[in-house]
Amino acid sequence: MIDLKLLQKDFEGVSAKLTRKGVSAALLTTLKEKFESLRVAKQEFETLQAAQNAMSKEFGVYKREGKDISELKARVDANKIKVTEAVEVQRERQEELEKIAMAVPNMPDDSVPDGKDEEDNIELKKVLTPKEFGFTPKEHWELAEQNGWIDFERGVKLATSRFSVSFGMGARLERALINFMLDFNRERGFEEVSVPALVNRQALEGTGQLPKFEDDLYKMDGQELFLIPTAEVPVTNLYADEILTADELPKRMTAYTSCFRKEAGAAGRDTRGMIRQHQFHKVELVAITTPDTSEIMFEQMVSCASDILTALELPHRLVNLCTGDLGFGAAHTTDIEVWLPGQNQYREISSISNTREFQARRAKIRYKNGKKNELVNTLNGSSLAVGRTLVAIMENNQNEDGTIDIPEVLRPYLGM
RNA sequence: GGACAGCUGGCCGAGUGGUCGAAGGCGCUCGCCUGGAACGCGAGUAUAGGGCAACCUAUCUAGGGUUCGAAUCCCUAGCUGUCCA
């Protein structure tokens, strides 16, 4: 959530930043007014409540001393009506404010380039050069089917479209990748955690998926539980509502989970193959830091993900997301795109974001800075999306006859 | 699925309608003591919001109710434990 106090103190500044994310100044003005009117309502309530409390105390004294209470009772009853009204007003304003505030995205950092969509993202650097093929490289679904690694039809039979089944070496490679990535991250100082795949509404509000993006989440029938769209949700929320000590920070965690997305609004995109599935495997990095160290952590996380691809000998590039492509909660994001020779383009395989205080404010994750409690910074990033990594291996390591070379670093994981 | 018990501050634990934001202990912080430490002694030690100082408001799992007044009584939900199926 954005800082409403800051909005009030520096309306122009906040407004300028959020305008770049397409938030209208009119909405922010409304937000500011609602915040102010809530403050007034709170004050009114508190004044009345203070009077009520004082009279109630007096009441006790009267009783003990055996005095007549009828006059006091009349006063206290009259005041109570006002208190009840004030509570109602306050509640209404609180709800109105939250409804708007929770749907406002994070402020982008100044380093985020302006832009409409992924076309306007800025390439930061390329790592490894795509190799030349002496033949026309195939796309991954063709290779996957030819090698018997992935069965798209049977996935549809079991569930619905955008589900697939891995067989044999395809399935083993997925598992090898997961283990390799987790081990790699652990060696970089990220503690492995294993978390629930179902989370409640509060957790999703904490990280920003709710209330705005409910349409893209799978919800349990009749229960306030949702399948996680990313491990970022359970892992970040591990410390929701907590006050960490300074020496506990930074928290660095890595988790493997399945991720579930309805992909609402992605109709027609990547319908073939396993680029965009309703269920996919992902290894995630999450960090919780002090505000002054979050950028160092960010760089470490980007390196971690990039180095995994390098270890797998997969050419990739880093891109700085523009305002139009930036996610709801991110202050800035670096995407890692892997080269897919079959598609002849770079495709997203990892997304690393610093949300700064945005999630911390929603999830109430704080730390003790001396005497004061301050909000932490939270960061998250994929390292990596497993299915897409498998896709990249297939397309980059294919031979003319359709066979696929297994990357050196994965061989120990496959008993090779 | 059924029955019962419980959920209090970082932890343990007292508190059955007003003087309770909450005894006591542990832990932690600071000071004294010491060559140094333990022991001992003294002081402090929740969070949020508002005034931005005194102070005020809220919070004893959550939500609702009774009452002038609720940690304390009632209802609902969640969680934990025990027993039964």
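All values derive from a computational prediction rather than experimental measurement. To find a chain, count down the sequence lines: A is the first, B the second, and so on, and within it residues start at 1.
Regarding N373(A), its CG atom lies at a distance of 14 Å from the C1' atom of G9(B), rounded to whole Å.
Between R91(A) and E95(A) there is no salt bridge, since no side-chain nitrogen of the basic residue lies less than 4.0 Å from a carboxylate oxygen of the acidic one. One finds a salt bridge joining R201(A) and E214(A) here, because a Lys/Arg side-chain nitrogen approaches an Asp/Glu carboxylate oxygen to under 4.0 Å. The existence of a salt bridge linking E248(A) and K251(A) is confirmed by a sub-4.0 Å separation between a basic side-chain nitrogen and an acidic carboxylate oxygen.
In terms of phosphate contacts, N53(A) brings no side-chain nitrogen or oxygen within less than 4.0 Å of OP1 or OP2 of G69(B). Close to U19(B), at under 4.0 Å from its OP1 or OP2, lies no side-chain N or O of K63(A).
Between the P atoms of C75(B) and U66(B), the separation comes to 15 Å (whole Å). Using atom P as the reference point in both C39(B) and U29(B), the two lie 12 Å apart (nearest Å). Distance noted for atom C1' between U45(B) and G21(B): 14 Å (whole Å).
Of the residues in residues 72-85 of chain A, those placing a heavy atom less than 4.0 Å from an atom of RNA chain B are K73(A), V76(A), D77(A), K80(A), in numerical order.
Residues F45(A) and F59(A) both approach RNA chain B. Their nearest nucleotides, taken by heavy-atom distance, put F45(A) toward the 5′ side. Sequence order on RNA chain B of the closest nucleotides to A50(A) and Q43(A) puts Q43(A) first from the 5' end.
In this pair, Y256(A) and H281(A) present their aromatic rings tilted. The plane angle is within the 30 to 60° band.
Between the side chain of N320(A) and the main chain of S111(A), a donor-acceptor pair closer than 3.5 Å is present.
A donor-acceptor pair shorter than 3.5 Å can be found between the side chains of Q8(A) and E36(A).
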